[in-house]
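Each ligand, and each atom within it, is numbered from 1 in the order the structure gives.
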Amino acid sequence: MTMAEMAKALKDKALAALNGVADAFSLDGFFSSYLAKKGEINALMSKMREIPNEEKAEFGAAVNEARNEVSKAFEEKKRALEEAALAEKLKHEAIDITLPGVSYTQGRTNPFHAIIDEVTDIFLSMGFEVCEGREIETDRFNFELLNVPQDHPSRDMQDTFYFPDGRLLRTQTSGEQAHRMIEGGKGPIRMISPGKVYRHDDDDATHSHQFGQIEGLVVDKNISIANLKATLELFAKKMFGEKREIRMRSSYFPFTEPSVEVDVSCFKCGGSGCSTCKGTGWIEILGAGMVNPHVLEMCGYDPEVYSGFAFGIGIERVAMLRYGIDDIRRFYQNDVRFLKDF
Ligand code: PHE
């Protein structure tokens with residue numbers, strides 16, 4: 001065999017070996033055996049000095065050709081193995097796009113909060129501020145500063161949940177009137193304060209141990225019952241429609257004098273009488289009155305200089321009338337089928 005023939009034989013042997021390579025590990029071994037610095041191809045090339053000069057050119061060309069072909073075949077094999085490995089990997093990591101996806105349902109605003117938002121917007125547009133309030137209250141703010149001393153009979157109607165230290169879950173948002181007057185800085189006040197209140201009540205379709213109120217308070221010089229009526233009339237029109245009218249009936253609250261219940265002309269039938277207004281044409285929506293001078297005094301306002309009015313709106317009551325909801329308990333059950341109706 002000539003040296004050139006030996007080069008060709010080595011090439012054929014290498015290509016045959018490469019054929020049998022089936023993974024990255026044996027490919028590495030193949031590289032070491034043939035193409036590495038100490039591999040067989042270089043070893044053959046080093047025979048150059050042993051052969052006669054006239055054969056050197058032919059031999060060199062033959063070894064180089066062997067190296068080029070084996071290198072090229074090696075690169076191809078390497079790429080093929082990498083592609084196969086990737087395909088194998090993808091096969092196992094494949095995402096099955098036919099599987100049903102995770103569905104994210106969109107939440108809805110509970111009508112309870114929708115009413116708070118709506119009422120808040122209306123009073124903000126009239127220049128009222130919104131006070132946050134608190135649900136755990138002291139006897140002083142829930143009762144005494146509102147003209148309900150210990151043993152006052154009206155406490156019975158608002159029996160509630162007491163803590164061992166005498167604090168309680170507030171029975172009304174009216175305590176926020178006193179907080180605002182005492183802690184909010186002196187001078188004129190126009191504020192509302194929405195939130196939850198608690199009473200020891202049997203739960204039925206129209207009563208709940210927990211419900212919501214929106215308190216309102218205006219204090220300034222020269223505030224009269226005409227201002228109360230104008231404010232609530234504007235509120236009723238914005239909330240229930242331009243054609244609404246209000247009427248005031250005499251009532252009693254310890255912290256307002258005089259006190260009134262405010263009715264709005266029925267927004268379902270327009271006043272002719274229907275099931276919503278129980279045939280009367282009017283729907284009671286809130287309690288209100290002129291701030292009792294004694295309350296002003298206890299809260300640091302001189303009743304000779306200042307006067308004011310207050311009102312309390314029942315949130316669920318307004319929502320039930322507005323949306324025709326038949327059971328107050330629906331507000332608290334978070335049943336999406338109910339919430340989806342709004
Ligand atoms: N706090 C009263 C209630 O719970 C409502 C009210 C608020 C009445 C403000 C007059 C003024 O029934």
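- With Phe211 as the aromatic partner, Lys196 does not meet the cation-pi criteria of under 6.0 angstrom to the ring centre and within 45 degrees of the ring axis.
- Near Gln177, meaning under 4.0 Å from any of its heavy atoms, are these atoms of ligand 1: 9 (C).
- Looking at ligand 1, you won't find any N or O of Thr171 less than 3.5 Å from one of its N or O atoms.
- Within a 6.0 Å radius of CD in Glu75, more than 12 heavy atoms belonging to other residues, nucleotides or ligands are found.
- Contacts between Ser259 and ligand 1 below 4.0 angstrom, taking non-hydrogen atoms only, are absent altogether.
- The single protein non-hydrogen atom nearest to atom 12 (O) of ligand 1 is Phe253 CE2, 3.8 Å, given as residue, atom name and distance.
- Contacts of Phe311 with ligand 1, taken as heavy-atom pairs under 4.0 Å, involve the backbone alone.
- Neither side chain, Asn110 nor His113, offers a donor N or O lying under 3.5 Å from an acceptor on the other.
- With a 4.5 Å cut-off on side-chain heavy atoms, Leu145 and Gln177 do not count as touching.
- Atom 11 (C) of ligand 1 has Phe255 CE1, 3.5 Å as its closest protein atom, hydrogens excluded (heavy atom only).
- Evaluated by nearest non-hydrogen atom to atom 2 (C) of ligand 1, the leading choice among Glu176, Arg170, Gln172, Arg199 is Gln172.
- Of all non-hydrogen atoms in Met320 and Ile328, the two that sit nearest each other are CE-N, 3.6 Å.
- Considering backbone and side-chain atoms together, Ser174 places an N or O closer than 3.5 Å to an N or O of ligand 1.
- Annotation: Phe128 is not in aromatic contact with Phe235 [ring centroid separation under 6.0 Å not met].
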